[in-house]
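Encoded as structure tokens, here's the structure I'll be asking about.
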Number of protein chains: 2
Amino acid sequence: MSSVRAIADELGISVATVSRALNNHPGVSDGTRRRVLQTADKSGYRPSVGRKPTNVVGLAYPGEPVKADFGAFEAALLAGVLEGVSDRRFDLTFVNIQRDKHRDETFGQFFDRKGLRGVLVRSLDDSKVAEQIADEGFPMVQIADRSDRPDVNYIDSESRKTSQQAVEHLLGLGHRRIGLAIHRVSDSDHVDRENGYRDALAGAGIQVQDNLIVRAEASPEGGVMMLLKLLDQPEPPTAIYFTNPLSTVGALHKCLQLGIRVPKDLSIVGFDDSDIRFRTFPQFTAVCQDAKALGLEAARWLTRLLNNETTGSFRETRPTTLAVHESTAFPPVAAIRLEDNARVVRVI
Amino acid sequence: MSSVRAIADELGISVATVSRALNNHPGVSDGTRRRVLQTADKSGYRPSVGRKPTNVVGLAYPGEPVKADFGAFEAALLAGVLEGVSDRRFDLTFVNIQRDKHRDETFGQFFDRKGLRGVLVRSLDDSKVAEQIADEGFPMVQIADRSDRPDVNYIDSESRKTSQQAVEHLLGLGHRRIGLAIHRVSDSDHVDRENGYRDALAGAGIQVQDNLIVRAEASPEGGVMMLLKLLDQPEPPTAIYFTNPLSTVGALHKCLQLGIRVPKDLSIVGFDDSDIRFRTFPQFTAVCQDAKALGLEAARWLTRLLNNETTGSFRETRPTTLAVHESTAFPPVAAIRLEDNARVVRVI
DNA sequence: TGCCCAATTGTAACTGTTCCGACGCTCCCG
DNA sequence: CGGGAGCGTCGGAACAGTTACAATTGGGCA
């Protein structure tokens with residue numbers, strides 16, 4: 001449709017200037033650049049180098065320039081994405097929006113400049129990047145988070161129901177005082193998990209006690225802190241639901257150190273993205289999310305869309321599953337309590 | 001220098017056919033395609049779309065179409081690579097050689113077609129892909145493996161000396177029967193670790209016993225199998241060196257299950273790529289490799305090379321370190337032995 | 001032999017980029 | 001006050017590569 005020559009004609013300038021403006025090259029005045037970018041946006045300009053269509057999709061982490069902390073969840077997600085794009089013979093490029101995107105550029109222009117036909121967005125914060133990309137009509141799928149906006153394609157996990165099941169599993173074993181150890185950041189996933197916990201208690205007619213809900217960062221250290229805080233109470237819980245894999249591992253580790261026997265003294269339900277639950281002692285009962293499937297399905301749908309094999313919008317919520325292992329059992333006759341975060345005592 | 005038109009003139013064909021041949025498009029006879037690719041190779045043809053230089057480097061896993069098993073090591077490596085390419089404002093693209101490379105294409109032609117200026121090669125098998133790429137003079141760095149060939153740039157870890165230290169650490173504690181549990185595949189890393197083990201024993205005047213060296217795959221299950229095999233012997237070892245993180249975790253887990261107290265009954269030295277040694281009980285003494293640094297330095301050097309900030313070759317061998325934690329202690333008075341892979345008995 | 005069809009190739013138009021020169025503006029100094 | 005020097009900005013033209021469509025070729029078959 002539109003080309004650099006069309007834009008040049010419309011603005012009465014040369015193609016060279018248009019090209020320079022479009023590629024963030026120096027030697028173009030701010031006003032000219034802005035005019036070019038606006039006209040390009042308005043006329044729906046899409047660069048087609050020669051006319052070659054590239055089969056590349058981008059993976060964007062809007063929040064941070066570089067995703068330094070590549071944990072098990074990100075790794076599994078990426079493995080899925082790589083497999084998913086590979087099906088339709090697409091390649092994957094990491095893009096760094098913060099580093100490379102020009103202020104006056106639209107997201108579409110930015111991705112086009114990078115030669116990307118679509119983009120997978122992994123939002124880690126509250127930035128509205130996914131929404132903005134969707135607003136522009138650029139092919140996109142948001143991974144592992146949902147959105148109210150109808151134009152945002154996304155895939156994520158639904159952990160509310162399974163969290164409810166997990167707590168019901170504890171209730172069924174006879175537990176009545178059940179702690180919740182949850183991530184401090186309230187993304188939709190963690191809100192789900194807290195709601196599931198509340199659903200289960202409400203269903204059993206048990207009042208939620210605020211002092212049995214503790215929050216810390218999602219790390220082994222956070223898990224230790226939450227464990228200690230819960231067990232330091234006059235009436236400690238006999239079971240705890242940790243909503244994050246790393247905090248579960250930290251807590252289990254601390255129990256071994258302190259001589260707290262899991263599940264004899266304390267039942268623990270954790271959360272798992274991959275196969276960490278098999279790597280601990282004891283192997284822990286967990287709400288399991290299939291991170292790889294999230295990446296896989298998102299990448300598959302996006303590449304199908306780009307191949308015109310599908311149309312419309314994509315909004316998938318994958319179920320999680322409850323895997324019962326060795327860390328949950330009947331409540332102890334005497335609950336475990338910690339004095340001064342160290343000495344283990346038993347209370348009736 | 002060379003262009004599609006030059007190639008077309010030389011072969012007496014049209015530029016359209018040259019372009020089609022160069023891009024793996026259908027509708028070109030095999031003979032013509034081969035002639036075009038050969039002429040392109042001979043004349044040193046490099047595509048320059050428009051004339052735009054792209055700042056993209058590739059990450060290639062030659063062995064498998066898709067790297068499905070994205071463990072902690074790969075994840076840390078990738079985190080380093082992403083950070084490294086970001087310094088010089090490069091992007092990273094995953095490329096799939098097996099899937100996309102045409103038989104008659106050279107590696108350079110293939111990477112050029114993908115718009116890559118350099119490539120990081122993560123060899124997982126014995127394929128000579130890295131050597132072939134280097135032979136063609138395409139900018140490359142091999143990650144986490146070495147090479148005898150002077151034209152292959154590489155970065156890897158040296159674990160022989162630290163493995164020797166680790167075994168000497170056990171010898172210093174008084175251990176005399178020390179087992180080696182090692183990966184079945186003999187890449188240079190694992191050869192290093194076995195040699196370090198042998199060096200230490202030789203230094204202490206202890207004869208290496210073949211039955212104390214066992215091999216299995218690098219997985220938790222492999223670790224369990226190797227543990228059981230070593231402890232099933234009439235004269236079992238009092239300490240074991242596991243040369244892989246996953247097998248270490250599997251073995252430690254099995255010890256907890258069987259009631260073997262580490263380090264009281266059995267000392268274990270493991271291997272760590274990341275921070276797994278802090279996530280087990282007990283935290284284990286380990287030979288530690290900085291996977292992230294491997295990716296980081298490789299990416300940094302390659303992007304500096306592409307920016308003409310450096311020349312020559314790159315061959316870096318990073319040291320590993322011995323981190324002493326809780327899994328090693330004096331040998332027990334009575335060594336642990338397993339009967340029928342299950343019952344724990346003690347032998348004098 | 002003549003015809004049809006598919007495979008292969010060529011022509012020409014098109015897209016986007018960059019080299020090099022031109023233009024105009026400011027500033028400094030004779 | 002006037003004339004370069006220098007700088008920022010832009011245009012013309014040449015060039016790179018791709019593809020739609022036309023043209024050619026050659027084989028199979030009536």
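Throughout, a chain's letter reflects where its sequence line sits, starting with A, and its residues are numbered from 1. None of the values given here were measured: they were computed from a predicted structure.
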What's the OH-P distance between B/Tyr45 and D/dC15, to the nearest Å?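 Going from B/Tyr45 (OH) to D/dC15 (P), I get 16 Å.
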
Here the distance between atom P of D/dA16 and atom CZ of B/Arg113, to the nearest Å, is 21 Å

Under 4.0 Å, counting only non-hydrogen atoms across every strand here, what does B/Gly12 touch: a base, just sugar-phosphate, or nothing?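 Sugar-phosphate contact only - B/Gly12 comes under 4.0 Å of backbone atoms but never of a base.
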
Could you check whether B/Val18 gets within reach of a base, just the sugar-phosphate, or nothing at all, counting any heavy atom under 4.0 Å? nothing

B/Arg33 CZ - C/dT8 C1' separation (whole Å):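 Those two atoms, CZ and C1', are 12 Å apart.
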
Distance, rounded to the nearest Å, where A/Arg5 contributes CZ and C/dT18 contributes P: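 Interatomic distance, CZ of A/Arg5 to P of C/dT18: 14 Å.
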
Let me know the distance between CZ of B/Arg20 and P of D/dT18, rounded to the nearest Å. 11 Å

Could you check whether A/Ser19 gets within reach of a base, just the sugar-phosphate, or nothing at all, counting any heavy atom under 4.0 Å?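 Since a base atom lies under 4.0 Å of A/Ser19, the category is base.
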
A/Asn24 and A/Arg113: which non-hydrogen atoms are nearest, and at how many Å? ND2-NH2, 3.3 Å

Can you figure out which of C/dT18, C/dT17, D/dG17 approaches the side chain of A/Ala16 most closely? C/dT18

Whether B/Asn23 contacts D/dT18 is assessed here as follows: a side-chain N or O lying under 4.0 Å from the phosphate OP1 or OP2. Is that the case? yes

Give the intermediate values and the outcome of side-chain hydrogen bond (donor to acceptor under 3.5 Å, both in side chains) for residues B/Ser188 and B/Asp145. CA-CA 7 Å; B/Ser188 59; B/Asp145 205 0; 2.8 Å; yes

Rounded distance in Å - CD1 (A/Ile13) to P (D/dA13): 17 Å

Is the shortest side-chain N/O distance from B/Thr17 to OP1 or OP2 of C/dT8 below 4.0 Å?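 So the side chain of B/Thr17 is outside the cut-off, no N or O lying under 4.0 Å from OP1 or OP2 of C/dT8.
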
Option passing side chain to side chain donor-acceptor pair (under 3.5 Å) with A/Asp156 (candidates A/Arg318, A/Gln142, A/Arg146): A/Arg146

Validation row, ring centre A/Phe138 to ring centre A/Phe111 under 6.0 Å: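 A/Phe138 vs A/Phe111: aromatic centres under 6.0 Å.
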
Distance in angstrom units between B/His25 NE2 and D/dG17 P, rounded: 14 Å

Of all the nucleotides listed (D/dA16, D/dG11, C/dG16), which has the minimum atom distance to the side chain of B/Ser3? D/dA16

Would you mind reading off the distance between B/Asn24 atom CG and D/dT18 atom C1', rounded to a whole angstrom?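 In whole Å, D/dT18 C1' lies 15 Å from B/Asn24 CG.
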
Given C/dT9, is OP1 or OP2 found less than 4.0 Å from the side-chain N or O atoms of B/Ser29?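 Checking C/dT9 against B/Ser29, a side-chain N or O does come within under 4.0 Å of OP1 or OP2.
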
Using 30° and 60° as the class limits, which term best fits the ring planes of A/Phe94 and B/Phe94: parallel, tilted or perpendicular? tilted

Counting just side-chain N and O atoms, does A/Thr32 come under 4.0 Å of either OP1 or OP2 of D/dT9? no

